[in-house]
Amino acid sequence: VILRLPLTDSPGRSNVRGCLSNQPLIFPPGLGANLCDIFPIPPCLPVKNPVQSLRNTLLGGIPMIVLDQENKLFTLHTQNTTYQMKADQYHVLLHTYYGPRLRGGDLSRLIQFADRGTSPNPNEAGHRRDYSLDTLPQEYSTCGVGDFRLPSIEFEPADGSRLADLRYTGFELKKGKYALPGLPAFHGGDAWDTLVVHLIDSSWKGSVKLYYGVLERCDLITRAVQVVNEGGQAVQLRRCASLCLDFQRGDLDFITFDGCHAQERGLNRAPLRQGVQSVESVRGTSSHHHNPFVILCGHNADEDCGICYGAMLVYSGNFLAAAERTHLENNRLMLGINPYHFCYTLAPGECFTAPEAALVCSPCGFGQMSRQFHRAIRENLIHDPLEGKRRPVLINNWEATEFGFDAEKLVSIAAAAAPLGIELFVMDDGWFGTRDSDFGGLGDWTVNESKLPGGLGALVPRIHDLGMSFGIWIEPEMVNEDS
């Protein structure tokens, strides 16, 4: 179905805004010709135009999370995107759609069932050879039970088997954003809706909760996973990804951001080939070398047009981001804690929570995706005391003094800067411990009064008297051997 509409918001004025004027909207095969059922609208269209009015008429009033309990169908809507999953007749949770916003409908009809000679069939499917976990798009992939692609989770119970056979058992729907105790996560109260999907592995009575947070205005969907040992014996958790996202297409580009110290986040882009492509860190930190943020996109996607999917991990430790293109031209994206040397023993009744992952889909290129991520991170992830306020103009003493300063030198720098309109003075490295070089002192967070007589209580008021605020440099992630 091809629909052509003029993309203008006033007579005689063409409004591109990231999409070409009079560009056809092409609906994928199988979605049907019912405009009221399926109507994706690119988010880059201006608010005041005929297309947006039609969109509001067709899509307005739809809640962020729509449940069809009879068919075990879950549809998540943001302002411009739709995400859908469904538990099938065997209680396997299938991923059915993620892309431009749709009005509704059961999109499991897009899944192609066929007899694949090298893909086994589960026992409950009987002689149905067109049903295999190895070929179906799964919401959270399993291992050891017929799916030979990247697994999301892996258990090792007492018998040494490494299996995971997760089946749907129920759901919870909550207003507001879920929380992850002890972990950073997006926040924002009633601007969010939360869906929790319950899965169980009956072989050892392990339960898995899949958390979904929906922030409609930013086109953001967050994911998190919680594993609980409800059995009577300890089990080892060997792998627990935060995000599994299956695509029923393989012709995508994989974009990563790589580099080294002082040269981080260089963009690398390549078409996905058959097999697994990945970036990772096993350094204990996410590292300068690879960033836990990746993009899958169409071959022609650029800043202003084309479909793209951004995925980030809200975690600063070891990570793995992997994309697998299969021989059947499907693709699976995996993001989470790196399974290398990962082993967490779950005692009976104990719970493990994986870090949060966040998704943004943009039908209008990287620019729209970036802006949505930036907005969500600024407003709903960073706990910023200056939120909504203009950032102060600051001066930092490092380049002027490095470690060699005292209180008088700092005050002289601030006194020279204040008449220029500089509003914040930041005291840099060297104010604590025996910190005269980078070989000592880190970890001794007490003021070096040989440099700063009277400590901060004597220095800070002198900076304030100049009409400037005072800031302090700190590096809590490192410690010197002499600390």
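If you read the sequence from its start, that first residue is 1, and numbering goes on from there. None of these values were measured; they are calculated from a predicted model.
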Point to revise | Residues forming a side-chain hydrogen bond (donor to acceptor under 3.5 Å, both in side chains) with E356, sequence neighbours excluded | key: K177, Y178
Point to revise | Between CZ on residue R149 and CG on residue N330, distance to nearest 0.5 Å | key: 6.5 Å
Check your understanding: Do any pairs count as a salt bridge (charged side-chain N to carboxylate O under 4.0 Å, His left out) and have a residue in residues 344-354, sequence neighbours left out, and if so which ones?
Key -> none
Exercise for review: Search all heavy atoms of P120 against all heavy atoms of F148 and return the closest pair with its distance.
Suggested key: CD-CE1, 3.6 Å
Point to revise | Pair H383 and H187, ring centroids less than 6.0 Å apart | key: yes
Exercise for review: Determine, for E230 against K205, whether the closest basic-nitrogen to carboxylate-oxygen distance falls under 4.0 angstrom.
Suggested key: no
Review point. Can you tell if the side chain of I111 reaches within under 4.5 Å of the side chain of P137, non-hydrogen atoms only?
Key: yes
Review point. Considering only heavy atoms from C-beta outward, does the side chain of T142 approach that of S152 to under 4.5 Å?
Key: no
Review point. When rounded to the nearest 0.5 angstrom, what is the spacing between CD in E379 and CZ in R375?
Key: 5.0 Å
Exercise for review: Mind checking the CG-OH spacing from L210 to Y140? Nearest 0.5 Å is all I need.
Suggested key: 7.0 Å
Exercise for review: Would you check if the distance from the ring center of F74 to the ring center of Y83 is below 6.0 Å?
Suggested key: no
Review point. Does F352 reach the side chain of C240, with side-chain heavy atoms less than 4.5 Å apart?
Key: yes
Review point. When you check the gap from the basic side-chain N to the acidic O, do D147 and R332 get nearer than 4.0 Å?
Key: yes
Review point. Can you list the steps and then say if H290 with S281 is a side chain to side chain donor-acceptor pair (under 3.5 Å)?
Key: CA-CA 7 Å; H290 302 292; S281 174; over 6 Å; no
Check your understanding: Between R223 and E139, is there a salt bridge with N-O shorter than 4.0 Å?
Key -> yes
Point to revise | With sequence neighbours excluded, residues passing ring pair (Phe, Tyr, Trp, His ring centres under 6.0 Å) with F366 | key: none
Practice item. Using the ring of Y90 (Phe, Tyr or Trp, six-membered ring only), decide whether R128 places NZ or CZ under 6.0 Å from its centre and within 45 degrees of its axis. Key: no
Revision key, fill the gap. When rounded to the nearest 0.5 Å, the distance separating CD1 of I474 from CG of D428 is 12.0 Å
Exercise for review: Measure the shortest side-chain to side-chain distance between L133 and V145 over non-hydrogen atoms and say whether it is less than 4.5 angstrom.
Suggested key: yes
Exercise for review: Apply the test salt bridge (Lys or Arg N to Asp or Glu O under 4.0 Å) to residues E124 and R167: give CA-CA distance (whole Å), side-chain angles for both, the deciding distance (0.1 Å), then the verdict.
Suggested key: CA-CA 12 Å; E124 56 265 51; R167 301 303 170 102; 2.4 Å; yes
Point to revise | Note: E216-R101 ion pair, threshold 4.0 Å (strictly below) | key: yes
Study note, to complete from the structure: For T135, the side-chain hydrogen bond (donor to acceptor under 3.5 Å, both in side chains) test, sequence neighbours excluded, returns none
Revision key, fill the gap. Note: L272 and G250 closest approach over all heavy atoms is CB-O, 4.1 Å
Point to revise | Residues, nucleotides or ligands: over 12 heavy atoms within 6.0 Å of Y340 OH | key: no
Point to revise | Heavy atoms from other residues, nucleotides or ligands near CD of Q263 exceed 12 (cutoff 6.0 Å) | key: no
Practice item. Please work out whether the ring planes of F257 and F293 are parallel, tilted or perpendicular, with thresholds of 30° and 60°. Key: tilted
Practice item. Return yes when atom CD of E264 has more than 12 non-hydrogen atoms of other residues, nucleotides or ligands closer than 6.0 Å, and no otherwise. Key: yes
Check your understanding: Is atom CG of N300 surrounded by more than 12 heavy atoms (other residues, nucleotides or ligands) closer than 6.0 Å?
Key -> no
Check your understanding: Stepwise, does the salt bridge (Lys or Arg N to Asp or Glu O under 4.0 Å) test hold for D88 with K86?
Key -> CA-CA 6 Å; D88 67 10; K86 179 180 181 177; over 6 Å; no
Exercise for review: Would you name the heavy atoms of F254 and A321 that are closest together and state the gap between them?
Suggested key: CZ-O, 4.3 Å
Practice item. For the pair D246 and Q138, evaluate side chain to side chain donor-acceptor pair (under 3.5 Å) and give the outcome as yes or no after the intermediate values. Key: CA-CA 6 Å; D246 279 0; Q138 297 186 54; 5.9 Å; no
Exercise for review: Decide if the gap between the ring center of Y309 and the ring center of Y98 is smaller than 6.0 angstrom.
Suggested key: yes
**Study point:** Enclosure of R129 CZ (heavy-atom neighbours >12, cutoff 6.0 Å)
**Key:** no
Practice item. First locate atom OH of Y168, then atom CG of L199, and finally report the distance between them rounded to the nearest 0.5 Å. Key: 9.5 Å
Check your understanding: Should the pair D193-K175 be classified as a salt bridge under the 4.0 Å nitrogen-to-oxygen rule?
Key -> yes
Exercise for review: Working to the nearest 0.5 Å, report the span between SG of C361 and CG of N80.
Suggested key: 9.5 Å
**Study point:** For T194, all residues meeting side-chain hydrogen bond (donor to acceptor under 3.5 Å, both in side chains), sequence neighbours excluded
**Key:** none
Study note, to complete from the structure: With sequence neighbours left out, the residues meeting salt bridge (Lys or Arg N to Asp or Glu O under 4.0 Å) with D134 are none
Exercise for review: Check step by step if salt bridge (Lys or Arg N to Asp or Glu O under 4.0 Å) holds for E387 and K389.
Suggested key: CA-CA 5 Å; E387 182 178 351; K389 301 178 182 178; over 6 Å; no
